[in-house]
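This report concerns only the one structure given below.
So that the names make sense, note that chain A is the first sequence line, chain B the second, and so on, each numbered from 1.
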Amino acid sequence: MPSEFTQDVIKIIQNIPVGKVLTYGKIAKLAGNPRAARQVSWLLHSSTKKYNLPWHRVINSKGKIALKSEDGKDYQKILLEKEGIKFVDNNKVDLKKYLWDIDSIVNIKGNFNL
DNA sequence: AACCTGACGAAGA
DNA sequence: TTCTTCGCCAGGT
């Protein structure tokens, strides 16, 4: 039985719009624990299939892809480009432009049953 | 209960 | 700007 925090993280990720991204830290904060970014990463790598998550829309605070292997990075980059996201210097995205500004949405928790 | 893990992140150097 | 170091968290063993 996943903790409430984990359940919220899952829901938030599932609701990231096409063409938008969120960072590990932002997700953790939205789920109620600003310092649990590492747990978000753990979840992605262990439960992506189980919860059918759009894992490619989650990147790090620098706007870069967090996967380790080069193959993985290329794959994620392709998935994001297919959604219209442009890369700067061939390895990072403009967060000002593509970060899902969930904070500006009123009553977000109600809208997504968090 | 103890210990280990990771696709993190902020702060220093 | 890149590389360390260190703190954090929930699951898994």
Take atom [atom1] of [X] and atom [atom2] of [N], then tell me their distance rounded to the nearest Å.
X: A:I59; N: B:dC8; atom1: CD1; atom2: P; result: 12 Å
X: A:H45; N: C:dA10; atom1: NE2; atom2: P; result: 16 Å
X: A:Y24; N: B:dA10; atom1: OH; atom2: P; result: 14 Å
X: A:R35; N: B:dA11; atom1: CZ; atom2: P; result: 13 Å
X: A:K29; N: C:dC9; atom1: NZ; atom2: P; result: 16 Å
X: A:K26; N: B:dA10; atom1: NZ; atom2: C1'; result: 14 Å
X: A:I65; N: B:dG9; atom1: CD1; atom2: P; result: 14 Å
X: A:W42; N: B:dG9; atom1: CH2; atom2: C1'; result: 20 Å

Given [options], identify the nucleotide with an atom nearest to the side chain of [X].
X: A:A66; options: B:dG9, B:dA7, B:dG6; result: B:dA7
X: A:T6; options: C:dG11, C:dC9, B:dA7; result: C:dG11
X: A:A37; options: B:dA7, B:dC8, C:dG11; result: B:dC8
X: A:K64; options: C:dT2, B:dA7, B:dG9; result: C:dT2

Determine whether a donor-acceptor pair (N or O, by modelled atom type, separation under 3.5 Å) exists between the side chain of A:S47 and the backbone of A:K50.
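Between the backbone of A:K50 and the side chain of A:S47 there is no qualifying donor-acceptor contact (under 3.5 Å).
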Whether A:K20 side chain and A:K97 backbone form a donor-acceptor pair below 3.5 Å:
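Yes; at least one donor-acceptor contact below 3.5 Å.
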Under 4.0 Å between a side-chain N or O of [X] and OP1 or OP2 of [N]?
X: A:N60; N: B:dA7; result: no
X: A:S3; N: C:dG11; result: yes
X: A:S61; N: B:dA10; result: yes

Whether the A:N91 and A:K73 side chains hold a donor-acceptor pair (N or O, under 3.5 Å, no angle test) is what I'd like checked.
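Not at all, the side chains of A:N91 and A:K73 share no donor-acceptor pair under 3.5 Å.
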Can you say whether a donor on the side chain of A:R38 sits under 3.5 Å from an acceptor on the base of B:dG9, or the other way round?
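Per atom types, no contact qualifies.
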About how many Å separate OG of A:S41 and CH2 of A:W55, when rounded to the nearest 0.5 Å?
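Rounded to the nearest 0.5 Å, the CH2-OG separation comes to 13.5 Å.
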If you look at every heavy atom in A:A36 and A:A28, which pair is closest and at what distance?
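Closest approach of A:A36 to A:A28, heavy atoms only: C-CB, 3.7 Å.
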Pick the nucleotide of DNA chain B nearest each of A:V40 and A:T23; which residue has the one closer to the 5' end?
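The answer here is A:V40.
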